[in-house]
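Some notes on the structure that comes next.
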Amino acid sequence: MPCSTNSEPVTGQSPPGQSALKNSLMRSADASPLAVLRLILGVTFWFWASGFLQDDRWRIFFVQPILLFKYDYFRWVQIWPGDGIWWHFQIVRVAAVCFALGLLTRISGVLLSASMAYVLLVERQLYNNHDYLLACSVLICALLPSQRRFSIDRILFHRSDWPTTMRHWHWWLVRFQLGLPYCFGGIAKLNADWLAGQPAGLFCSAHVDAPVVGPLLAMPHAATIMAWGGLMFDLFIVPALLWKRTRPFAIVAALGFHLTNAMVFHIGVFPWFMIATLFVFFPIDFIPRLITRLGGKKFGFESILPPNDAHPSLPASTLHKLAATAAVIYVVIQLLLPIRPWVMPGDAGWNERGHRFSWRMMLRHKDCLLWFKLVTEKDFLFAPATMVMTPSQVLRAPRDPELIRQAAVKIKQLATEIGQPDCQVHALALVSLNGRPAKPIVDPEVDLTGVTRGWWYDDWVPQDPGPLPQDPWQVPPDQWWQSVDLGTSFSALKAYRPSQAQVLYDQLRQQELAKQPTQP
């Protein structure tokens with residue numbers, strides 16, 4: 001969203017307050033903060049891609065599964081053939097280096113955002129808010145004039161005449177994007193489960209062995225402190241960072257928050273990215289002044305901090321107006337997406353509708369147990385989720401009714417391939433949400449291959465997860481079948497524990513494999 005300095009004046013009258021705000025946003029400032037953000041994003045993407053290349057994680061997540069889960073309008077996004085996904089992450093690393101150095105800045109930045117979007121779309125159950133934030137941030141940085149300072153592009157294209165400034169609204173757009181997870185993360189925590197200390201209590205009890213902070217999580221009232229402290233942090237950290245008087249305390253709080261997340265939750269590069277970008281909420285001239293103090297003039301950056309009147313409010317070109325309009329539309333979309341969980345039927349933490357792309361972080365703790373029942377005209381078979389899911393998919397996919405439905409459709413496809421086209425597939429998907437007693441998240445009496453995903457509501461998904469108990473339900477998953485109502489379709493499983501049924505299934509599978517002719 002670059003702006004041109006060669007343009008005609010803007011005509012028309014505006015109210016005094018509106019005019020002052022407009023003039024403030026249209027003022028120019030040194031573009032070095034965008035260059036620093038560009039560098040941080042490039043380094044972050046390099047580590048993100050390297051994480052998938054490490055220990056063959058790319059193969060575990062994308063090649064080994066027989067089923068990759070999809071979003072409704074993006075089923076056409078398919079995995080690259082062969083080892084293409086390995087090359088995908090290698091290309092990301094190259095693009096990350098290029099973007100960090102300002103080489104083909106716009107192209108490499110858009111490529112990074114598209115590469116992240118591809119990963120989120122090709123395997124739906126891998127979604128997390130951190131990757132979504134990185135995809136949005138790098139796209140914004142690529143479209144803004146981040147190549148105007150400290151970039152190879154200035155040398156490569158002999159563009160020493162490029163302006164070295166950005167508009168104030170460019171930086172406010174960056175602040176808006178990086179502030180969204182905090183603000184909407186806090187708003188999302190204004191629900192009964194979080195305010196009651198759950199799932200914070202479950203998170204604390206599951207991480208009492210964490211280094212340094214583990215003993216703190218084991219202390220009395222740790223869950224309440226975590227719940228209310230997290231709420232207050234998310235709601236007020238952005239204004240506290242923006243205000244000079246509270247900024248030192250906010251920096252200490254942010255460092256403590258993100259370092260704790262890094263030690264407890266093992267969420268990759270995200271905490272370090274958020275720490276590195278705290279400067280976004282500092283005064284817009286913080287980076288130029290810092291570079292000057294660090295001896296920037298010795299390296300030929302004499303103009304890094306021009307006089308205060310050197311960056312006046314410049315007239316806007318037609319291209320700049322279009323860019324500003326696109327930015328406004330983007331902001332509106334980003335504000336509307338997190339509202340979905342508040343207006344859609346049911347609890348988003350339970351039915352997962354509106355949970356993604358809404359900055360709903362740490363709001364639900366789900367323990368899941370998923371089995372399927374394959375029914376033909378002559379027989380039936382109980383099968384665990386591992387029939388079509390890898391162990392990594394089993395950890396996340398059973399939380400979402402739509403992913404369970406997609407798994408059932410895949411099972412029917414496999415049954416059709418072996419001569420059972422009329423196979424029905426039912427699911428016993430037991431889920432314990434935030435310490436509630438486990439209950440089916442999909443109707444076990446419904447053939448999931450005969451239902452479709454509704455735009456607003458699914459009648460095959462029970463909408464009520466049940467009341468939150470005073471004390472968490474702590475029945476081991478291996479005893480769930482004896483503790484809950486399994487319904488008619490799965491009543492026969494009452495005679496077994498899940499571990500026993502798994503042994504029987506494995507034995508049956510081995511018998512079937514032994515019957516198959518040996519390949520020469």
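Every heavy atom of this structure was used, including side-chain atoms; hydrogens, water molecules and symmetry mates were not. In this text the structure is predicted, and so the values were computed from the model without any measurement.
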Indicate yes or no: at least one non-hydrogen side-chain atom of [X] is less than 4.5 angstrom from one of [Y].
X: L217; Y: V264; answer: yes
X: L34; Y: W171; answer: yes
X: L111; Y: I91; answer: yes
X: P288; Y: I291; answer: no
X: Y118; Y: W80; answer: yes
X: V238; Y: C183; answer: yes
X: P338; Y: I187; answer: no
X: V174; Y: C141; answer: no

* Asked: Would the Y132 and F357 ring centres measure less than 6.0 Å apart?
  ->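 Here the rings of F357 and Y132 have centres that are less than 6.0 Å from each other.
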* To do: Step through it carefully: locate the ring centre of F89, locate the ring centre of W48, and say whether they are under 6.0 Å apart.
  =>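 Ring centres of W48 and F89 closer than 6.0 Å.
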Taking [X] for the side chain and [Y] for the main chain, is one N or O donor matched with an acceptor at less than 3.5 Å?
X: W76; Y: Y73; answer: yes
X: D56; Y: L53; answer: no
X: T260; Y: G256; answer: yes
X: S113; Y: A135; answer: yes
X: D153; Y: T105; answer: yes
X: R293; Y: L290; answer: no
X: T277; Y: M274; answer: yes
X: R360; Y: G185; answer: no
X: Q78; Y: R75; answer: yes
X: R93; Y: W46; answer: no

Is the number of heavy atoms from other residues, nucleotides or ligands under 6.0 Å of [X] [atom1] greater than 12?
X: M232; atom1: CE; result: yes
X: W456; atom1: CH2; result: yes
X: F249; atom1: CZ; result: no
X: W86; atom1: CH2; result: yes
X: W228; atom1: CH2; result: no
X: D72; atom1: CG; result: yes
X: R245; atom1: CZ; result: no

* ring pair (Phe, Tyr, Trp, His ring centres under 6.0 Å): which pairs involve residues 336-356, sequence neighbours left out? ->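 Qualifying pairs: none.
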For residues [X] and [Y], report the shortest heavy-atom separation together with the two atoms involved.
X: T246; Y: P239; result: OG1-O, 4.3 Å
X: V110; Y: A142; result: N-CB, 3.9 Å
X: N191; Y: D193; result: OD1-N, 3.1 Å
X: F203; Y: M362; result: CE1-O, 3.2 Å
X: S358; Y: F184; result: O-CB, 4.3 Å
X: R148; Y: A31; result: CB-CB, 4.2 Å

* Report yes or no: do Y457 and Q463 form a side-chain donor-acceptor pair below 3.5 Å? =>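 No, no side-chain donor-acceptor pair sits under 3.5 Å.
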* Asked: Side-chain donor-acceptor pair under 3.5 Å between R167 and S28, yes or no?
  ->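 No pair is found: no donor N or O on one side chain lies under 3.5 Å from an acceptor on the other.
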* Asked: Within 45 degrees of the axis of the six-membered ring of F52 and under 6.0 Å from its centre: does R57 put its NZ or CZ there?
  ->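 Yes, R57 sits over the ring of F52.
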* Asked: Do R175 and W172 meet the cation-pi criteria used here (NZ or CZ under 6.0 Å from the six-membered ring centre, within 45° of the axis)?
  ->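 Yes, a cation-pi geometry.
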How far does [atom1] of [X] sit from [atom2] of [Y], to the nearest 0.5 angstrom?
X: R124; Y: L120; atom1: CZ; atom2: CG; value: 12.0 Å
X: I152; Y: F157; atom1: CD1; atom2: CZ; value: 10.5 Å
X: Q177; Y: I140; atom1: CD; atom2: CD1; value: 4.0 Å
X: L178; Y: F279; atom1: CG; atom2: CZ; value: 8.5 Å
X: L259; Y: I275; atom1: CG; atom2: CD1; value: 4.0 Å
X: L190; Y: L235; atom1: CG; atom2: CG; value: 6.0 Å

* Asked: side-chain contact (heavy atoms from CB on, under 4.5 Å) between L126 and F62: does it pass, once the steps are laid out?
  -> CA-CA 10 Å; L126 286 181; F62 301 100; 3.5 Å; yes
* R106 and S146: side-chain contact (heavy atoms from CB on, under 4.5 Å), yes or no, with the steps? -> CA-CA 9 Å; R106 295 195 190 279; S146 61; over 6 Å; no
* **Check ion pair D458-R353 (N to O, under 4.0 angstrom)** =>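 The answer is yes: the pair qualifies as a salt bridge.
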* Do NZ/NE/NH1/NH2 and the carboxylate oxygens of E352 and K366 come within less than 4.0 Å? ->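 Salt bridge: yes.
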* Would you sort out whether R154 and T164 count as a side-chain contact (heavy atoms from CB on, under 4.5 Å), showing the intermediate values? => CA-CA 10 Å; R154 291 184 67 94; T164 59; 3.9 Å; yes
* Y182 and F233: CA distance, side-chain angles, deciding distance, side-chain contact (heavy atoms from CB on, under 4.5 Å) verdict -> CA-CA 8 Å; Y182 293 120; F233 176 85; 3.8 Å; yes
* Angle class for the F74/Y71 ring planes (parallel below 30°, perpendicular above 60°, tilted otherwise)? ->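 Because their plane-to-plane angle is over 60°, the rings of F74 and Y71 count as perpendicular.
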* Let me see the working for W169 and H320 under ring pair (Phe, Tyr, Trp, His ring centres under 6.0 Å), right down to the final yes or no. => CA-CA 11 Å; W169 74 261; H320 183 275; 5.5 Å; yes
Ignoring hydrogens and angles, write down the donor-acceptor pairs under 3.5 Å from the side chains of residues 391-407, residues two or more places apart or on other chains.
residue, atom, partner, partner atom, Å
S392, OG, T390, OG1, 3.1
Q393, OE1, T390, N, 3.0
Q393, NE2, L67, O, 2.7
Q393, NE2, E123, OE2, 2.9
R396, NE, Q125, O, 3.0
R396, NH2, Q125, O, 3.2
R396, NH2, Y127, O, 2.6
R399, NE, R396, O, 3.3
D400, OD1, E402, N, 3.0
D400, OD2, R356, NH1, 3.0
E402, OE1, R405, NE, 3.0
E402, OE2, R405, NH2, 3.0
E402, OE2, Q406, NE2, 2.9
Q406, OE1, K70, N, 3.0
Q406, NE2, K70, O, 2.8

